[in-house]
Number of protein chains: 2
Amino acid sequence: MTRSALTGEEVLTTAARLVRARGPAALTMRRLATELGTAVTSIYWHVGNRESLLDALVERTVREMGEIRPVGRTPHARIVSVARALYTALRERPQLIAMVHERGLTERMFLPAQQALVHEMHAAGLCGETAAEAVRAVQFQVVGFVLVERNRERSPEQHPSEGELWDSPTAEHDPALARALAGPVDTERLFTVSLDALVTSLLSPGGAA
Amino acid sequence: MTRSALTGEEVLTTAARLVRARGPAALTMRRLATELGTAVTSIYWHVGNRESLLDALVERTVREMGEIRPVGRTPHARIVSVARALYTALRERPQLIAMVHERGLTERMFLPAQQALVHEMHAAGLCGETAAEAVRAVQFQVVGFVLVERNRERSPEQHPSEGELWDSPTAEHDPALARALAGPVDTERLFTVSLDALVTSLLSPGGAA
DNA sequence: ACCTGAACACCGTTCAAGT
DNA sequence: ACCTGAACACCGTTCAAGT
């Protein structure tokens, strides 16, 4: 049986599917060829080599992250919406994001969202270095949460257990804190709450950063 | 020529050196064997396989990060000192940290520093969820900075250039902001400044988070 | 223009055999 | 108890040869 002509786009799509389903390590040229029903060497004609295939995959991810648009009526709401959209998009593509980061393109990936945030900071009356720091604060908040959360998912059994924190003498007399830091935490809620707090304090005159 | 008996410790040290010098991809069992002057298969007797070798490497890194101690007279100063120490330690071992993260041990790695931060937050009068959020805020600040910074180092040519930001209509009339967000930034200073601002606002009553 | 198999230099890992 | 080489199943990549 013959298959229709192979295209670069088809290679890319199948490669992306492999990465999302089974991680970057599962993306071998031979496995990809089997998946596509072609000889390994055909892939090379279309995408060069493995490295440039990964580059193309990353490029596509960066494009997708660029489609984030603010929604809401107040600057506060619009900033929160961008941060939430970033957060969601990052969580949906953990492996691809890791690949973007490995290639040093994280900043470029964030650029459109960053420009949107700058716009909203201006609308809220911030400017100059204050606005820049506010933008970064939001960005770091998102990245930090995604990282911590992913870490919890990966190793649900080995992150600091409540027990361990209870043993710590400093936490002994503050159970609310121990609970908040150990967990299972409702990260979704925690993200919303602390993002809201952050944006509020950033936008208030003489605020946090 | 014979060599003295191989030990697990020796394998670990040489492996760590290889990773720090040339990245995790350079750590192949065969290369390691050559470096050690033994047969590949000897390594297996001492450390099991590549996976458990990496586990041991990661374990060692986690231990090293646990040696952070706060210094200074005020809670503010002691919190800042912990954050700075974390920041420095993370920057010194980028590849090993990445491996820790891959294995989902980032939180465990941060645990000692986290406990120190909890202690200082209590000393500063915070407790419960407020203290927990403050601890996380500091932690995310550090992680966020290390990530952004490492990204800049990796791809000095492709992060958003000043030119690009200038083209953006939102930044056109705010050169100070454009400068702050593009770069090259004095990240060392930026880290100090924004860490100080963060801690100040966290510790002030009715503060940021 | 597109696809192929053979071949090369690398991997990690197992295992029977040595001392 | 420790070390070895041979062998296996995998890699990515090149290249001459096909259509």
Side-chain angles (χ1 to χ4, degrees), chain A residues 1-61 95-96 98-104, chain B residues 1-61 95-96 98-104:
Chain A
M1 59 173 263
T2 51
R3 41 153 298 134
S4 59
L6 190 63
T7 66
E9 197 54 40
E10 194 188 352
V11 174
L12 219 63
T13 307
T14 307
R17 184 160 47 79
L18 253 172
V19 170
R20 284 175 99 138
R22 307 173 50 188
L27 178 58
T28 72
M29 301 302 269
R30 287 176 146 92
R31 194 131 43 184
L32 186 53
T34 310
E35 204 86 3
L36 288 165
T38 57
V40 204
T41 42
S42 301
I43 300 171
Y44 284 81
W45 198 91
H46 287 282
V47 300
N49 55 16
R50 186 170 188 271
E51 201 54 26
S52 54
L53 169 61
L54 295 185
D55 284 345
L57 231 44
V58 158
E59 195 57 45
R60 185 194 257 201
T61 306
Q95 305 96 332
L96 286 169
M99 284 166 53
V100 171
H101 183 240
E102 264 171 34
R103 284 174 161 61
Chain B
M1 58 172 260
T2 50
R3 40 152 301 135
S4 60
L6 190 61
T7 65
E9 198 53 42
E10 194 188 352
V11 173
L12 219 62
T13 307
T14 308
R17 185 160 47 78
L18 253 171
V19 169
R20 285 175 98 139
R22 305 173 52 188
L27 178 57
T28 74
M29 302 302 269
R30 286 176 148 91
R31 195 130 43 183
L32 186 53
T34 310
E35 205 85 2
L36 287 164
T38 57
V40 205
T41 42
S42 301
I43 300 172
Y44 284 81
W45 197 92
H46 287 282
V47 300
N49 54 16
R50 186 170 189 271
E51 201 56 23
S52 54
L53 169 61
L54 296 185
D55 284 346
L57 231 45
V58 158
E59 194 58 43
R60 183 193 258 201
T61 306
Q95 306 95 332
L96 285 170
M99 284 166 52
V100 172
H101 183 240
E102 264 171 33
R103 283 173 163 62

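Values reported hereafter were calculated over all heavy atoms of this structure, with side chains retained and with hydrogens, waters and symmetry mates removed. Chain A is the first sequence line, chain B the second, and so forth, proteins listed ahead of strands; every chain is numbered from 1. All figures in this text were calculated on a predicted structure; none of them were measured in a lab.
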### Message
Using heavy-atom distances to pick each residue's nearest nucleotide on DNA chain C, tell me which of A/Val40 and B/Glu51 is more 5'.
### Response
A/Val40

### Message
Using side-chain heavy atoms (C-beta onward) and a distance below 4.5 Å, is B/Arg50 in contact with B/Leu32?
### Response
no

### Query
Does the side chain of B/Met99 come within less than 4.5 Å of B/Leu57's, by heavy atoms?
yes

### Message
Counting C-beta onward and ignoring hydrogens, is there a side-chain heavy-atom pair between A/Leu54 and A/Arg103 closer than 4.5 Å?
### Response
yes

### A/His46 vs C/dA1: side-chain N/O to OP1/OP2 distance below 4.0 Å
no

### Task
Round to a whole Å and report the spacing from CE of B/Met29 to C1' of C/dG12.
7 Å

### Query
Is any side-chain nitrogen or oxygen of B/Ser42 closer than 4.0 Å to OP1 or OP2 of D/dT4?
yes

### Query
Within the distance-only criterion (no hydrogens, no angle test), does the side chain of A/His46 pair as donor or acceptor with the backbone N or O of A/Leu6 below 3.5 angstrom?
yes

### Query
Can any side-chain N or O of B/Arg31 pair as donor or acceptor with the backbone N or O of B/Ala26 at less than 3.5 Å?
yes

### Message
When you compare the side chains of A/Ser52 and A/Asp55, does any donor N or O come within less than 3.5 Å of an acceptor on the partner?
### Response
no

### Message
Output the rounded distance in Å from CG (A/Leu36) to C1' (C/dC3).
### Response
13 Å

### Query
How does each nucleotide of nucleotides 14-19 of chain D score, in 5' to 3' order, for protein heavy atoms under 4.0 Å: base (B), sugar-phosphate only (S), or none (-)?
BB----

### Query
Does a side-chain N or O from A/Thr38 land closer than 4.0 Å to OP1 or OP2 of C/dC3, or not?
no

### Task
Please state how far atom CG in A/Leu32 lies from atom C1' in D/dC11, giving the value in whole angstrom units.
14 Å

#### Entry: B/Ile43 CD1 - D/dG5 C1' separation (whole Å)
15 Å

### Message
Measure CG/A/Leu6 against P/C/dA1 and give the value in whole Å, please.
### Response
16 Å

### Query
Of the nucleotides D/dC11, C/dA1, C/dT4, which has the atom closest to the A/Arg31 side chain?
D/dC11

#### Entry: Length of the line joining B/Asp55:CG and C/dG12:P, which is rounded to integer Å
15 Å

### Task
Whole angstrom is fine here: how far is it from CZ in A/Arg30 over to C1' in C/dT4?
14 Å

### Message
Under a 3.5 Å cut-off for both contacts, is C/dA16 paired Watson-Crick or G-U wobble with anything, and if yes, with which nucleotide?
### Response
D/dT4

### Task
Please tell me which of the listed nucleotides, C/dC11, D/dA1, C/dG5, lies nearest to the side chain of B/Thr28?
C/dC11

### Message
Less than 4.5 Å apart, side chain to side chain, heavy atoms only: is that true for B/Thr61 and B/Gln95?
### Response
no

### Summary
To the nearest angstrom, the CG-C1' distance between A/Leu27 and D/dG12 comes to 12 Å

